[in-house]
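To keep things clear, I will list the structure first and then write my remarks on it.
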2 protein chains.
Amino acid sequence: MDIHNTELFKGVTYEECNKMLHCFKTEFREYSAGEHICDYSETEKYIGIITKGSVKIIRTDENGNNSILEHLGENGIFGKYIAYATGAGDGIYVECETPCEVVYIGSEHITKRCSNACECHSRVVENMFDIVTKKSVELSRHLYVLSSRSTRDKLLSYFRLMCEQNKNTVIELPFSTTALAEYLCVDRSAMTRELKRLKDEGIIIMDKRKVRLITGDDFNN
Amino acid sequence: MDIHNTELFKGVTYEECNKMLHCFKTEFREYSAGEHICDYSETEKYIGIITKGSVKIIRTDENGNNSILEHLGENGIFGKYIAYATGAGDGIYVECETPCEVVYIGSEHITKRCSNACECHSRVVENMFDIVTKKSVELSRHLYVLSSRSTRDKLLSYFRLMCEQNKNTVIELPFSTTALAEYLCVDRSAMTRELKRLKDEGIIIMDKRKVRLITGDDFNN
DNA sequence: ACTTTACTGTTGCAAATGCAACAACTATAA
DNA sequence: TTATAGTTGTTGCATTTGCAACAGTAAAGT
């Protein structure tokens, strides 16, 4: 994906974008699968935009256990403004998943205005706010799901959120059930058991990764 | 608190701030305790800064149950850029807690640059990013705590985060234990039971809202 | 001073959950 | 093809947890 078409430059013409990119002194780098891209603590002064491939944001806790905080594909963004909480002995780093290309931009270029006060620059700032806000909503959604006390309710609120987002009563899980259990922070086997109950009780219909929610008001479509 | 001293205008001189405030066409309003300030869905085009008193952000779910998403005191900010996830039938609104004063600013004034390209305006943008990022970190911290599977681990990771933040092995809970249970999304009585166990096992010492974590390496200070 | 509301501590019990372990299956790489 | 790693479904069991209920205390308002 061309950097001109990424979310950060949405609504900006090709020419304007080029001018800005030049003005921003961007850097470009390529990585191969498995490569360590950077430690998150180093990203205090720049953002990275993934224009090709995918990366993982990984937390390593004091005991050396890894957990994946996020998958970022094309158009994904990390670094300044996109922060994660860290515990005491924890480290967070960015790792290349599939061969990828990253464009780096110094964060001061985003906020500082050049003397021209170009209109397009305002647009970039707006876009950056959109991106950050979207991330917050994502976190907030996750929190919303986790605030349910039982596995059953976690599953149901997750399904409901997804259905609402897709404006549909059928959803396709974006990851494996193993990963879903991780997302919901519950034991996988216990979750499978609960899914079985939901199926048996006719509350959901599930086929592979397709899930249909059977609600009281529209069980016939 | 004077609007000039709020986080959004940090690092901006009094005069510059005045100019901007004039340029921004801010609005000012006062509310009395219990008053409904606004529905969160209306805040698509502005932000509100609390210069006096406090407000609550409240979610009402489809069954009419209320839950407090956040308390905001002086310097607190809500509206555009500060988003919350909503479920299907949920509504989110802002309610006055103690008599308060709110300054409203149209969000377009923050991102758009005026023709002067004043330095101070960049500073405001930076500050806004800081505020939003801080919120994200807060969400991320909450998520981190909730990702523990047991009540015990939730308590411990919460205590550890607090200790680290305060650079101390003693913390003072910022809310009642009832509210803590809500924050951890666990049953209050079950949590009290677990706290008792932690005390009995000598892992924590607790007196009212003061908690001391007894770790392996520094049990004597 | 009295009323009311909120907070805290406790307990019994049924139900939910994490954990461990195993087998079947799929996908991927060698 | 075989080997290897990852995913899924299942079950027994000990433990944790939510829930309901009650009593005592603290705080706040009238």
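So that the names make sense, note that chain A is the first sequence line, chain B the second, and so on, each numbered from 1.
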Are Cys38(A) and Tyr46(A) side-chain neighbours, meaning at least one heavy-atom pair lies under 4.5 Å?
yes
Which whole-number value in Å describes the distance from Glu194(A) CD to dA15(C) C1'?
11 Å
N-O pairing of Lys134(B) and Glu7(B) below 4.0 Å
yes
Would you call Arg197(B) and Glu194(B) a salt bridge, taking side-chain N to carboxylate O under 4.0 Å as the test?
yes
In whole angstrom, give the distance that lies between atom CE of Met191(A) and atom C1' of dG18(C).
14 Å
Value in whole Å for how far the P atom of dT7(D) lies from CZ of Phe175(A):
13 Å
Return the value, rounded to whole Å, for the distance between atom CG of Leu180(B) and atom C1' of dA6(C).
17 Å
May I have the distance from Leu155(A) (atom CG) to dT17(C) (atom P), rounded to whole angstrom?
9 Å
Send over the distance from Lys208(B) NZ to dC7(C) P, rounded to a whole Å.
15 Å
Grab the CD-P distance between Glu182(A) and dC19(C) for me, whole Å please.
13 Å
Where the side chain of Lys196(A) is concerned, which of dT10(D), dG18(D), dG12(D) is the nearest nucleotide?
dT10(D)
Mapping Arg152(B) and Arg209(A) onto DNA chain D by nearest heavy atom, which one lands closer to the 5' end?
Arg209(A)
Ala190(B) has a side chain; which of dG18(D), dG18(C), dT8(D) sits nearest to it?
dG18(D)
Name the closest nucleotide to the Arg193(B) side chain, picking from dC13(D), dG18(D), dT16(D).
dG18(D)
Is any NZ, NE, NH1 or NH2 atom of the basic residue among Glu164(B) and Arg141(B) found under 4.0 Å from an Asp or Glu carboxylate oxygen of the other?
no
Length of the line joining Asp153(B):CG and dG18(C):P, which is rounded to integer Å
12 Å
Drop me the distance from Lys135(A)'s NZ to Leu139(B)'s CG, to the nearest 0.5 angstrom.
13.0 Å
Base of dG9(C), side chain of Arg188(B) - is there a donor-acceptor contact under 3.5 Å?
yes
So, does Thr177(B) get its side chain near the phosphate of dT8(C), meaning an N or O under 4.0 Å from OP1 or OP2?
yes
Of the nucleotides dT17(D), dC19(D), dT17(C), which one has an atom closest to the side chain of Ser150(B)?
dT17(D)
Looking only at side-chain N and O atoms, does Thr151(B) come under 4.0 Å of OP1 or OP2 in dT17(D)?
yes
Please state whether the phosphate of dT8(D), meaning OP1 or OP2, lies under 4.0 angstrom from any side-chain nitrogen or oxygen of Thr178(A).
yes
Would you indicate what Ser189(B) reaches in the nucleic acid, counting non-hydrogen atoms under 4.0 angstrom: base, sugar-phosphate, or nothing?
base
